A.B. asks: 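To start, I am sharing the structure in question, which I have written as structure tokens.
Remember, predicted model here, so these are calculated numbers, not experimental data. Naming convention: chains lettered A, B, ... in sequence-line order (proteins, then strands); numbering from 1 in each chain.
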Number of protein chains: 2
Amino acid sequence: MTPERPYHHGNLREAVLERAAVVVRERGVSGISLRELTADIGVSHTAPRRYFPDRQALLDALAAEGFLRLGSRLGEAAAAAPGFQEQVRSIADAYVAFALSEANLAELMFAHERGEGDALVQQRATEAFGPLLETFRRGQAEGRLSIRDPERAGLLFLATLQGIAGLRSCGVIPEGEVDQMIDETVAQHAARAATGELGGVS
Amino acid sequence: MTPERPYHHGNLREAVLERAAVVVRERGVSGISLRELTADIGVSHTAPRRYFPDRQALLDALAAEGFLRLGSRLGEAAAAAPGFQEQVRSIADAYVAFALSEANLAELMFAHERGEGDALVQQRATEAFGPLLETFRRGQAEGRLSIRDPERAGLLFLATLQGIAGLRSCGVIPEGEVDQMIDETVAQHAARAATGELGGVS
DNA sequence: GTAACTATGTTGTCAACGGACACTTCTCGT
DNA sequence: ACGAGAAGTGTCCGTTGACAACATAGTTAC
């Protein structure tokens, strides 16, 4: 009555990643064990070796996958909003929501210890932040930035959101403060359309 | 010729913490092994159990220790600067310098998975941020804040610094950008003394 | 002074883990 | 149909964290 598993799983790589994503969500990075994952899937614990030479490679792939998902969230958020300030607001909400609901994954994504997969993770990260930076470039073209260089403005905005999410996740920032802090952040970075004058550089 | 170790170490707890701090700096949190630490010190692998019931307890203690050190750095930074804006600048530099030079420790300090020691870590964290919040309270008294609530202003400032350091550590922010981003952050949060008018809330 | 008490450290054991290797089973192109 | 290589298995090894039982060293009570 064994469910007649074929010898080849079919797409073990995806299955492992998918299961790992669940475990990471529920029990964190330290809860990921190759042996447990493979046992859940029903293969031997060395089977994923072809795809992930070691545990770190799996973590790298998981982080890359996370940036893919984050990227599409940010893309959707930017696309769903009409103007510059609305886009900035929408992106901020999407980013923080993602980082808070996937706190364990986010911790992995922004970890600085990586293995061979580092290059891919970096690339996926860059791609994920594309929509945000693109929005800021448009914002600059419209003269809506309070910081000149749009790259720097975007990265600083990103850093602030990341900091808010991180400090919230580890308990430094109280839960109720988050929304208002996002408000302040959006206000700081996205100047109003009506107001012609912006905070100029000294 | 064995160095005549006494049966009791004397202050094993401090010795373990000290050695663990070195390992964390050099090889990261995942490089910490109770057995290796105890071997280095020259005691049996279960000796620290009295002080740290499990590995997580050691990590918690290490994080708490980290916040103690961060707190004194921030305190010194605040004390060394004359006025509000200088203090904000000084604190920002000290914070980011600490988070970058102790990137592995910082990652541990701001991790959100903790064990029993969570309460102590939270308390130490709160204490560590005391000088920063105090500075912002004085800043508010002098009418120098661009955000009304000094607590929120301080936390948002902190979040931004934390985000800058975190994104720099994991490679998202290029090395050369950090200083200028700190500049922008200080400018955003600490209003000039001369300028009477500040960004008001809508 | 010595006997009990408590804090501190040791030894031995166990299960789980990651990693390495040789081997087997399947798939697919020719 | 068959050979090459991809995909997965079984087994072994060293390391690790946790646990229980035991040993040692100060400390206090009497």
A.B. asks: Between Gln123(A) and Glu127(A), does the side-chain hydrogen bond (donor to acceptor under 3.5 Å, both in side chains) criterion hold? Intermediate values first, please.
C.D. replies: CA-CA 6 Å; Gln123(A) 184 188 333; Glu127(A) 292 167 6; 2.9 Å; yes

A.B. asks: Whole angstroms only, please: what is the CD1-P distance between Ile32(A) and dG18(C)?
C.D. replies: 10 Å

A.B. asks: Run the numbers on Glu102(A) and Arg69(A) for salt bridge (charged side-chain N to carboxylate O under 4.0 Å, His left out), then give the verdict.
C.D. replies: CA-CA 11 Å; Glu102(A) 299 276 12; Arg69(A) 283 202 292 154; 3.2 Å; yes

A.B. asks: When all nucleic acid strands are considered with a 4.0 Å heavy-atom cut-off, which category describes Arg55(B): base, sugar-phosphate, or nothing?
C.D. replies: sugar-phosphate

A.B. asks: Using heavy atoms to find the nearest nucleotide of DNA chain C for Asn11(B) and Arg35(B) separately, return the residue whose nucleotide is more 5′.
C.D. replies: Asn11(B)

A.B. asks: Taking atom types as modelled and ignoring hydrogens, do the side chains of Arg144(A) and Gln85(A) form a donor-acceptor contact shorter than 3.5 angstrom?
C.D. replies: no

A.B. asks: Got more than 12 heavy atoms from elsewhere within 6.0 Å of CD, Glu116(B)?
C.D. replies: no

A.B. asks: What is the distance, to the nearest angstrom, from the CG atom on Leu34(A) to the C1' atom on dT9(D)?
C.D. replies: 15 Å

A.B. asks: Atom CG of Asp40(A) to atom P of dC17(C): distance rounded to whole Å?
C.D. replies: 11 Å

A.B. asks: For dG8(D), does either OP1 or OP2 sit under 4.0 Å from a side-chain N or O belonging to Tyr51(A)?
C.D. replies: yes

A.B. asks: If the condition is side-chain contact (heavy atoms from CB on, under 4.5 Å), which residues does Arg35(A) pass it with, not counting sequence neighbours?
C.D. replies: Ser33(A), His45(A)

A.B. asks: Can you tell me if Arg152(B) and Gln180(A) form a side-chain donor-acceptor pair at under 3.5 Å?
C.D. replies: yes

A.B. asks: Please say which of Val172(B), Asn104(B), Leu167(B) ends up in a side chain to side chain contact (heavy atoms under 4.5 Å, CB included) with His112(A).
C.D. replies: Asn104(B)

A.B. asks: Would you mind classifying the nucleic acid contact of Leu58(B) as base, sugar-phosphate or nothing, using non-hydrogen atoms under 4.0 angstrom?
C.D. replies: nothing

A.B. asks: Atom CD1 of Ile41(B) to atom P of dT10(C): distance rounded to whole Å?
C.D. replies: 11 Å

A.B. asks: Just the rounded figure in Å: distance from P of dA18(D) to CD of Glu116(B).
C.D. replies: 13 Å

A.B. asks: Just call it for Leu37(A): base, sugar-phosphate, or nothing, with non-hydrogen atoms closer than 4.0 Å on any strand.
C.D. replies: nothing

A.B. asks: Kindly say if Ser33(A) contacts the phosphate of dC17(C), meaning a side-chain N or O under 4.0 Å from OP1 or OP2.
C.D. replies: yes

A.B. asks: Between the protein and nucleotides 19-21 of chain D, are there any N/O to N/O pairs under 3.5 Å, and if so, what are the atom names and distances?
C.D. replies:
none

